[in-house]
Amino acid sequence: MTQCPDCFSLYAGYGMKDGEYIRFPQGVQLQDKRNTNGRCIKAVYQFADNSKLTYKHNTKEGCFTLIAS
């Protein structure tokens, strides 16, 4: 999925859509990569069912990609 979000936190397990909270299971962060400004540009989370979610932020476009595996 690729889109420009309102806001969300993979670490905290929630997001916002049209002003409403959307809750989802929290994962364990396995990897975190930041640019020189401190912005997270890549993070990998693992969940209780052993699935993984990879977050990648494109600083040029201001959008992100989420990849489930």
Side-chain angles (χ1 to χ4, degrees):
M1 170 189 298
T2 302
Q3 59 180 291
C4 294
D6 290 337
C7 71
F8 68 93
S9 172
L10 295 175
Y11 176 78
Y14 76 92
M16 293 204 70
K17 177 83 173 161
D18 299 325
E20 299 288 326
Y21 282 101
I22 299 170
R23 303 219 182 263
F24 48 85
Q26 290 176 274
V28 175
Q29 189 177 49
L30 302 177
Q31 182 182 6
D32 179 36
K33 183 176 179 182
R34 296 182 177 270
N35 65 15
T36 55
N37 296 325
R39 168 82 186 196
C40 180
I41 56 173
K42 182 179 180 186
V44 179
Y45 289 83
Q46 185 170 14
F47 297 88
D49 64 356
N50 286 326
S51 64
K52 291 183 182 175
L53 190 60
T54 301
Y55 163 88
K56 293 181 181 180
H57 185 267
N58 182 326
T59 54
K60 289 181 182 178
E61 295 181 20
C63 292
F64 70 92
T65 302
L66 289 174
I67 303 166
S69 58

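Just so you know, these numbers use all the heavy atoms, side chains as well, and skip hydrogens, waters and symmetry mates. This is a predicted model, so every value here is computed, not measured.
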A.B. asks: Look up atom OG1 in Thr65 and atom OH in Tyr55, then write down how far apart they are to the nearest 0.5 Å.
C.D. replies: 9.5 Å
A.B. asks: Determine, using the 4.5 Å side-chain heavy-atom cutoff (strictly less than), whether Leu66 and Tyr45 are members of one ILVMFWY cluster.
C.D. replies: yes
A.B. asks: May I ask you to decide if the ring planes of Phe64 and Phe8 are parallel, tilted or perpendicular, using 30° and 60° as cut-offs?
C.D. replies: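 Rings of Phe64 and Phe8: tilted, 30 to 60°.
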A.B. asks: Between atom OG1 of Thr54 and atom CD of Gln46, what is the distance when rounded to the nearest 0.5 Å?
C.D. replies: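 Taking OG1 in Thr54 and CD in Gln46, the distance rounds to 10.5 Å.
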A.B. asks: For the side chain of Asn35 and the backbone of Asn37, is there at least one donor-acceptor N/O pair under 3.5 Å apart?
C.D. replies: yes
A.B. asks: Measuring from Lys33:NZ to Lys56:NZ, what's the distance to the nearest 0.5 Å?
C.D. replies: 9.5 Å
A.B. asks: Answer yes if Leu10 and Ile22 sit in the same cluster of Ile, Leu, Val, Met, Phe, Trp and Tyr residues linked by side chain heavy atoms under 4.5 Å apart, and no otherwise.
C.D. replies: no
A.B. asks: Looking only at heavy atoms, what is the nearest atom pair of Ala43 and Gln29, with distance?
C.D. replies: CB-NE2, 3.9 Å
A.B. asks: Under 4.5 Å between side-chain heavy atoms, counting indirect links through other Ile/Leu/Val/Met/Phe/Trp/Tyr residues: same cluster for Leu53 and Phe24 or not?
C.D. replies: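 Yes, it is one cluster - the side chains of Leu53 and Phe24 are joined through contacts under 4.5 Å.
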A.B. asks: Output yes when a side-chain donor or acceptor of Gln26 lies under 3.5 Å from a complementary backbone atom of Tyr11, and no otherwise.
C.D. replies: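 Checked: pair present.
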A.B. asks: How many angstroms lie between atom CZ of Arg34 and atom CZ of Arg39, to the nearest 0.5 angstrom?
C.D. replies: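 Reported value, rounded in 0.5 Å steps: 9.0 Å.
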